[in-house]
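What follows is one structure encoded as structure tokens, with my remarks underneath.
Counting starts at 1 for both ligands and their atoms, following the listed order. Just so you know, these numbers come straight off a predicted model, no measurement behind them.
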Amino acid sequence: MTTMSRDLHLDTLAIHAGQAPDPQTGAVMQPIHLSSTFAQQGPGVHRGFEYSRTDNPTRHTLEQCVAALEGGQQGIAFSSGSAATSALLGTLAPGDHVVVSDDVYGGTYRLLTKVYAPLGIEVSRVDMTELRNVEAVMRPSTKLLWVETPTNPLLKLIDIKTLGWLAGTHGIRLVVDNTFATPMAQRPLLLGAHAVVHSTTKYLNGHSDVVGGMVVTDDEDLAKRLRFIQNAVGAVPSPFDCYLVLRGLKTLPVRMRQHSQSAHSLAIYLDAHPRVHRVIYPGLPTHPQHALAARQMTLFGGMITCELNGGLAAARHVLSSTHLFTCAESLGGVESLIEHPASMTHASLPAEARAELGITDGLIRLSVGLEAEEDLRADLQAALS
Ligand SMILES: *Cc1c(COP(=O)(O)O)cnc(C)c1O
């Protein structure tokens, strides 16, 4: 089934892509191939696998499945989303320039400024919601446009098609970090992106028990370089982790629909709550880019950001009062999480930078899980009263 049609629905691909019953035993589930090495019939004569850093059957299956979901040809798996990001940045050369969005994932910005800048990679941070802001910072040395949409934590949307066109006219690459949306909500490669990166830690695995990453691309040169880096650097996921993500993927479509449905109705509830100053959710007509969300996304996702009346004190109170929403970083699992960007995920940003972005002390971010929506609503209601 490894050559299965890409025209199948995502629900079907999530379960079958890259996978078929084991020809020897009939096992329906993919085996976890823990072997580090593989027998060769003679020197250099093997069945596709030599050594598990280079390639491993369980990892190979996972790479094929995620690639199919993103509508791409090549999946390259890594031991974390950050390792996947680093591999992409590792394809650059000294003097190359990268444009990222102003509220790009903190770990991505840290890699760029603390690891790659000393090696000669240059970076510009701009509000990518406006095409002209991106054009204004582009240089002849610009090689990558790096986009997240929706962004974190402000859930700003960036127009993938427009930036794909811009990258195309300059002969450079557009990378989309699709961790928040997942291929269930948007498939960037089909909108003109050249590569998609994931922290599979989040929705793709979905059960908060794996740290992992993936890049998907149709660009043969890029894929070749990434496979080289995957093997040379060796930041590869374990076969067991690959198995867990494959298992999680089977329910990704069902999970994403429910995450989105519950998040949408909780966003409407919060929007009407007197203790809530504003709710940011791409599915609400009050979202400044709701029209783009409706055009670009097939689901509005499971993340809600809202600003409470009462600033830090109110945020502290709510975060220590919920019972079902666990106060923790990360997102995308079956369990609901709540966090305070200013003191948790975005604490490493200087206060002025946070203020500039709009990450106020009253801002909280919810990752809406799969518990009953009524129970989640009651939990928020009690914490807000
Ligand atoms: C978590 C995350 C990452 C980093 O992934 P890790 O698996 O934690 O290394 C990158 N981008 C986004 C949008 C994330 O949420």
* Asked: Among all residues two or more places apart in sequence or in another chain, which pass the salt bridge (charged side-chain N to carboxylate O under 4.0 Å, His left out) test with Arg278?
  -> Glu307
* When rounded to the nearest 0.5 angstrom, what is the spacing between CG in Leu13 and CG in Asp7? -> 9.0 Å
* Do you know which two heavy atoms are closest between Phe325 and Leu266, and how far apart they sit? -> CZ-CD1, 4.2 Å
Report every pair formed by an N or O atom of ligand 1 and a protein N or O atom separated by less than 3.5 Å, giving atom names and the distance to 0.1 Å.
residue	atom	partner	partner atom	Å
ligand 1	5 (O)	Ser199	OG	3.0
ligand 1	7 (O)	Gly81	N	2.9
ligand 1	7 (O)	Ser199	OG	2.8
ligand 1	7 (O)	Thr201	OG1	2.7
ligand 1	9 (O)	Gly81	N	3.2
ligand 1	9 (O)	Ser82	N	2.8
ligand 1	9 (O)	Ser82	OG	2.7
ligand 1	11 (N)	Asp177	OD2	2.7
ligand 1	15 (O)	Lys202	NZ	2.8

* Classify the angle between the aromatic ring planes of His264 and Phe300 as parallel (below 30°), tilted (30 to 60°) or perpendicular (above 60°). => perpendicular
* To do: Taking the six-membered ring for Trp and the single ring otherwise, decide whether the centroids of His259 and Tyr203 are under 6.0 Å apart.
  => yes
* cation_pi(Arg125, Tyr109) dist<6.0 Å, angle<=45 -> yes
